[in-house]
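What follows is one structure encoded as structure tokens, with my remarks underneath.
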Amino acid sequence: MSSIAIMGGTFDPIHYGHLVAAEQVRHEFQCEQVLFIPASIPPHKDKRLISPVVHRLAMTQMAVVTNDYFTVSTLEIDRSGPSYTIDTVKAVKEKYNPDNLYFITGADAVLEIISWKNVEQLLSACNFVAATRPGYDISNLQHKLDGLPGEHLRKIISIYIPALAISSTDIRRRVHKGEPIKYLLPEPVEHYIKKNNLYKEV
Ligand code: NAP
């Protein structure tokens with residue numbers, strides 16, 4: 001049985017919470033590989049508020065090099081238009097043909113899944129792992145997903161990741177205010193943010 005996980009996110013910037021979540025899922029579901037796929041234009045976001053993809057990609061690549069199971073895929077970046085998860089899942093299935101596929105992302109993003117493109121097809125095609133952070137009210141997720149049929153509901157797994165006390169929003173805010181970000185993300189990513197003057201304006 002082969003299992004692959006996709007780590008989907010904006011990664012603006014990637015931090016230790018993301019890396020811990022990916023490693024935990026890899027271990028729990030015995031995945032041979034975790035593909036980090038930075039979203040090029042997240043479907044629901046105003047692209048002017050997000051750092052250019054070249055920076056988000058570079059930081060993601062730097063962050064995963066120390067884990068042999070982790071790779072970065074430019075699949076969504078290479079595709080033109082919005083990053084719909086259904087298209088990503090189809091492309092990964094076609095390329096790797098895994099027996100099991102897991103799409104990991106934040107619980108807040110999964111909360112909105114009902115409004116995503118082709119949700120039923122998506123939940124038939126792969127499992128979703130909703131990573132929750134400290135303080136997250138899981139009943140939000142359960143309540144919002146109530147409308148889904150049982151066979152689809154079973155495809156959504158939530159996983160509590162204490163390291164997700166770290167958030168990209170907080171890191172951007174810290175840089176903007178001149179507060180430290182050391183130990184919240186890999187050192188090469190910290191240096192990259194400084195060198196490229198990211199997040200000075202928020
Ligand atoms: P987001 O709104 O930036 O993030 C929502 C929450 O989830 C934030 O708290 C975020 O924390 C957390 N999060 C995001 N990615 C995570 C990850 N991989 N692991 C753990 N926590 C994570 O969400 P987004 O990044 O734009 O979207 C997440 C994924 O869902 C992307 O792959 C996107 O393409 C997909 N998506 C698809 C559709 C669609 O197909 N219609 C619609 C929306 C989203 P941090 O800020 O700390 O990361």
Side-chain angles (χ1 to χ4, degrees), residues 5-26 28 31 34-51 53 56-57 59-60 63-64 70-79 81-92 101-123 125-138 140-141 144 156-175 181 184-186 189 193 198-199 202:
I6 296 171
M7 188 68 176
T10 308
F11 304 129
D12 193 21
I14 190 160
H15 53 67
Y16 280 132
H18 297 131
L19 296 168
V20 169
E23 181 63 4
Q24 186 62 30
V25 171
R26 182 197 72 72
E28 273 189 35
C31 299
V34 182
L35 300 173
F36 282 69
I37 307 190
S40 62
I41 309 170
H44 55 305
K45 280 193 183 162
D46 182 339
K47 65 181 175 209
R48 283 167 306 172
L49 303 176
I50 304 167
S51 302
V53 72
R56 294 186 289 111
L57 174 63
M59 292 189 283
T60 308
V64 305
F70 291 179
T71 356
V72 178
S73 161
T74 57
L75 207 144
E76 292 195 357
I77 295 167
D78 299 339
R79 208 166 52 212
S83 305
Y84 290 115
T85 301
I86 184 69
D87 302 329
T88 304
V89 163
K90 277 186 192 160
V92 169
L101 184 59
Y102 297 88
F103 187 92
I104 316 162
T105 195
D108 281 342
V110 175
L111 202 65
E112 302 304 324
I113 198 171
I114 293 203
S115 66
W116 289 12
K117 195 178 160 195
N118 301 17
V119 60
E120 305 224 329
Q121 199 187 352
L122 197 52
L123 288 169
C126 80
N127 303 286
F128 270 78
V129 184
T132 66
R133 49 174 36 116
Y136 186 82
D137 183 359
I138 195 74
N140 278 346
L141 186 63
K144 192 89 180 235
I156 303 175
I157 307 146
S158 72
I159 186 167
Y160 174 59
I161 306 290
L164 277 175
I166 303 171
S167 81
S168 302
T169 308
D170 181 54
I171 291 173
R172 294 194 302 270
R173 186 197 60 78
R174 283 172 165 274
V175 174
I181 57 169
L184 300 178
L185 32 61
V189 179
I193 290 170
L198 301 184
Y199 313 127
V202 174

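Counting from 1, the numbers follow the sequence of the chain as shown. Counting starts at 1 for both ligands and their atoms, following the listed order.
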### Query
Which ligand 1 atoms are under 4.0 Å away from a heavy-atom of Thr10?
3 (O), 24 (P), 25 (O), 26 (O)
#### Entry: Per-atom contacts of ligand 1 with Ser83, taking only distances under 4.0 Å to non-hydrogen atoms
34 (O)
### Task
State, yes or no, whether a side-chain contact exists between Val92 and Leu101 at a heavy-atom distance under 4.5 Å.
yes
#### Entry: Subset of ligand 1 atoms that lie under 4.0 Å from at least one heavy atom of Gly8
15 (N), 16 (C), 17 (C), 18 (N), 28 (C), 29 (C), 31 (C), 32 (O)
### Query
With a cut-off of 4.0 Å, which atoms of ligand 1 are near a heavy atom of Ser167?
47 (O)
### Message
Using the rule given for side-chain contact (heavy atoms from CB on, under 4.5 Å), can you reason through Leu185 versus Ile193, listing the C-alpha separation, both sets of side-chain angles and the distance that settles it, and then say yes or no?
### Response
CA-CA 11 Å; Leu185 32 61; Ile193 290 170; 3.8 Å; yes
### Task
Would you indicate whether the side-chain heavy atoms of Tyr84 and Asn118 approach each other to under 4.5 Å?
no
### Query
Which atoms from ligand 1 have a heavy atom of Thr85 less than 4.0 Å away?
35 (C), 36 (N), 37 (C), 40 (O)
### Task
Could you see which bit of Phe103 sits under 4.0 Å from ligand 1, with heavy atoms only: side chain, backbone, both or neither?
side chain
### Task
Consider every N or O of Tyr84 and every N or O of ligand 1, then say whether any pair is closer than 3.5 Å.
no
### For His18, the ligand 1 atoms whose distance to one of its heavy atoms is below 4.0 Å
16 (C), 17 (C), 19 (N), 20 (C), 45 (P), 47 (O), 48 (O)
### Query
Do Pro186 and Leu19 come close enough that some side-chain heavy atom pair is under 4.5 Å?
yes
### Polar contact flag for Arg133 and ligand 1 (N/O pairs, less than 3.5 Å)
yes
#### Entry: Beyond-backbone contact of Ile166 with Ile171, side-chain heavy atoms, under 4.5 angstrom
yes
## Note on the structure
Restricting to heavy atoms, the pick from Gly106, Ala39, Ala163, Ala130 nearest atom 16 (C) of ligand 1 would be Gly106
#### Entry: Which atom of Tyr199 lies closest to which atom of Pro13, heavy atoms considered
OH-N, 3.1 Å
### Query
Hey, does Glu112 sit under 4.0 Å from ligand 1 if you only count heavy atoms?
no
### Query
Is the shortest N/O to N/O distance between Ser168 and ligand 1 below 3.5 Å?
yes
### Atoms in ligand 1 with a heavy atom of Met7 nearer than 4.0 Å
17 (C), 18 (N), 19 (N)
### Query
After noting the C-alpha distance and the side-chain angles of Leu198 and Val175, does the key distance pass the side-chain contact (heavy atoms from CB on, under 4.5 Å) rule?
CA-CA 8 Å; Leu198 301 184; Val175 174; over 6 Å; no
### Query
Got Glu23 and Val20 here, is their nearest side-chain heavy-atom distance under 4.5 Å?
no
### Task
Measure up the Phe103 and Phe128 rings against each other and bin them: parallel (under 30°), tilted (30 to 60°), perpendicular (over 60°).
tilted
### Query
Has Ala21 got any heavy atom lying under 4.0 angstrom from an atom of ligand 1?
no
